[in-house]
Structures are given as structure tokens and as C-alpha cells.
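Structure record follows, encoded as C-alpha cells.
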Amino acid sequence: MAHQRKLGRTADQRKALLRNQVTNLLWYGRIETTEAKAKEVRRVAERLITLAVKECDNTVATTKQTHNDKGQLITLDVINDAPSKLHARRLVMAYLYDIPEQKKPDEKIADFKERMKEGHANHPVTEKLFREIGPKYKARNAEKNCNGGYTRICKLGPRRGDAAEMVIIELV
């Protein structure tokens, strides 16, 4: 049985806390938290990133035939996820929370709606993990000939009030 820190919370609170912090770490790239929480977040985040690194390039090219609005048969070449990548994607989506995509300050509403239609807008953290983070670390692993070590913990010092050791955990 694997040991894990209790973090002074019940099991459901602890699971929600870790899910929230891992989601924010992957979305923003860095978070500030206590040392004990950061060490637990690192365990989960490294596992999810490793899953994305293994499956990021695993796709299958297929042809798809559909009818357009005029009734003509159209053949399209599409790239789908392989079954193992689909499974990995579903595992990640089951763990991470969905962060709603925000409208940029200089973006018009019509442009924002169009941008939401084209991608997987329902799961932007998962998409970022498989499209940006996974390939980046796959190239890093090939270059340095190593695996793991995707996060870094930097100590900030004690927090005022309860003297808990504060750290910044960030993606390398």
C-alpha cells in the first residue's frame, strides 16, 4: 500500500485539493503552496505528464466518408487518436478539473465563439497536456536521454502566521 500524506484533511477533501492544484499547475505552469502539498502534487503531476509523453504522438490516419448538404459523397482524411491515446486522454480527463477558456481582453465575442468551436473547448487542460506539454517533454527526454523530473520545487521560506514552509512548484 502506497504511503501518502494526509495533509490534515479527510480523503474527499484531500483528493479535491490535489486535483485542483495539479490542474492549476498544468494550466498556469507554476503555483505557490506549502512544501507537503507540493510534494504530493509533484507525484500526481509527474504521472500525468509521463502518460502524456508516452501517448502524445500515438495517432491513426483514417478516411471518412460523409454526405454534404447537397447529398454529395465527400471523402475526408482525418487523424484520430489511437485506442491507447484515447484511453490515456480519458484517464487524464477523469482526474483533472475543467478550466473554462477565458475571452481575451482585445478579442471580439464572435471571434471567441469561433475559437471555442474549432478545438476541444470542453477540456482545455487535457488538450494543453497532450498538445503542448507532452511533446515538449518528449523532446527533452530524447535530448537528455532521461525520463521524469518534469517539476521543480523552490523554497520561499516560512509563511507568516503559522510558519509553514512555502514553496513554488513549477514545470521545468
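Side chains are part of it too, since the values below use all heavy atoms of this structure and drop only hydrogens, waters and symmetry mates.
- Proximity of Arg14 to Lys6: side-chain heavy atoms (C-beta onward) are separated by under 4.5 Å at one or more points.
- Partner of Asn24 under the side-chain contact (heavy atoms from CB on, under 4.5 Å) criterion, out of Thr33, Ile99, Val125: Ile99 alone.
- Under a 3.5 Å cut-off, the side chain of Lys103 and the backbone N or O of Glu107 do form a donor-acceptor pair.
- When the side chains of ILVMFWY residues are joined at heavy-atom separations under 4.5 Å, either directly or via intervening members, Ile79 and Leu86 end up in two distinct hydrophobic clusters.
- Salt bridge annotation for Glu40-Arg43: present, with a cationic side-chain nitrogen under 4.0 angstrom from a carboxylate oxygen.
- Summarising the geometry of Glu55 relative to Ala88, their closest heavy-atom pair is CG-CB, 3.8 Å, with the distance given to 0.1 Å.
- Cluster annotation: Trp27 is connected to Ile49 through the hydrophobic network of ILVMFWY side chains, with a link wherever side-chain heavy atoms come within less than 4.5 Å.
- Side-chain contact check for Val41 versus Leu18: some heavy-atom pair is nearer than 4.5 Å.
- At least one side-chain heavy atom of Lys85 sits under 4.5 Å from a side-chain heavy atom of Thr59.
- Counting only heavy atoms from C-beta outward, the side chains of Val60 and Asp81 never approach each other to under 4.5 Å.
- The CG atom of Leu73 sits 4.5 Å away from the CD atom of Gln65 when rounded to the nearest 0.5 Å.
- Judged purely by atom type and a 3.5 angstrom limit, Arg19 has no side-chain atom pairing as donor or acceptor with the backbone of Leu17.
- Under a hydrophobic clustering in which Ile, Leu, Val, Met, Phe, Trp and Tyr are joined whenever their side-chain heavy atoms come within less than 4.5 Å, directly or via other members, Leu48 and Tyr28 fall into the same cluster.
- No more than 12 heavy atoms of other residues, nucleotides or ligands lie within 6.0 Å of NZ in Lys54, so this atom counts as exposed by the packing criterion.
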Apply side-chain contact (heavy atoms from CB on, under 4.5 Å) to the pair Leu26 and Leu96, showing each step before the final yes or no. CA-CA 9 Å; Leu26 294 175; Leu96 296 177; 3.9 Å; yes
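- For the pair Asn68 and Gln72, the tightest heavy-atom approach, listed with the atom from each and the gap, is OD1-N, 2.8 Å.
- You'll find the side chain of Thr23 stays beyond 4.5 Å of the side chain of Leu25, heavy atoms only.
- Taken to the nearest 0.5 Å, the OG1 atom of Thr66 stands 5.0 Å off from the CD1 atom of Ile74.
- Remark: Lys37 NZ to Asn20 CG distance equals 10.5 Å, nearest 0.5 Å.
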Could you give me the CA-CA distance, side-chain angles and deciding distance for Gln13 and Thr10, then say whether side-chain contact (heavy atoms from CB on, under 4.5 Å) is met? CA-CA 5 Å; Gln13 292 173 351; Thr10 60; 3.4 Å; yes
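- Ion pair Glu35/Lys39 flagged as a salt bridge, since at least one NZ, NE, NH1 or NH2 atom sits closer than 4.0 Å to an Asp/Glu carboxylate oxygen.
- The distance from the CD atom of Gln4 to the NZ atom of Lys15 is 11.0 Å, given to the nearest 0.5 Å.
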Apply side-chain contact (heavy atoms from CB on, under 4.5 Å) to residues Leu76 and Thr63 and explain how you reach the verdict. CA-CA 6 Å; Leu76 300 171; Thr63 58; over 6 Å; no
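- Side-chain contact between Thr62 and Asp77 is absent, with no heavy-atom pair separated by less than 4.5 Å.
- The number of heavy atoms from other shown groups lying within 6.0 Å of CZ (Arg5) is above 12.
- Heavy atoms only, all atoms of each residue included: Gly149 and Glu46 are closest at N-OE1, 3.2 Å.
- When side chains are defined from C-beta on, Thr151 counts as touching Leu171, because their heavy atoms get closer than 4.5 Å.
- The existence of a salt bridge linking Glu127 and Arg89 is confirmed by a sub-4.0 Å separation between a basic side-chain nitrogen and an acidic carboxylate oxygen.
- The local environment of NZ in Lys155 is sparse, with at most 12 non-hydrogen atoms from other residues, nucleotides or ligands closer than 6.0 Å.
- The hydrophobic clustering, which links ILVMFWY residues whose side-chain heavy atoms are closer than 4.5 Å, places Val167 and Leu7 together.
- The cluster map of Ile, Leu, Val, Met, Phe, Trp and Tyr, joined by side-chain heavy atoms under 4.5 Å apart, puts Tyr95 and Leu91 in the same cluster.
- In this structure a side-chain-to-backbone donor-acceptor pair under 3.5 Å is missing from Tyr97 to Val22.
- Atom CD of Glu132 and atom CG of Leu129 lie 10.0 Å apart (nearest 0.5 Å).
- Between Glu170 and Arg30, at least one side-chain nitrogen of the basic residue sits less than 4.0 Å from a carboxylate oxygen of the acidic one, meeting the salt-bridge criterion.
- Across all their heavy atoms, Cys56 and Gly134 have their closest contact at SG-C, 4.0 Å.
- Atom CD1 of Ile109 has 12 or fewer neighbouring heavy atoms from other residues, nucleotides or ligands inside a 6.0 Å radius.
- Looking at Tyr150 and Ile133, their side chains never come closer than 4.5 Å, going by heavy atoms from C-beta outward.
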Working for side-chain hydrogen bond (donor to acceptor under 3.5 Å, both in side chains), residues Glu165 and Thr34: CA-CA 6 Å; Glu165 187 68 34; Thr34 62; over 6 Å; no
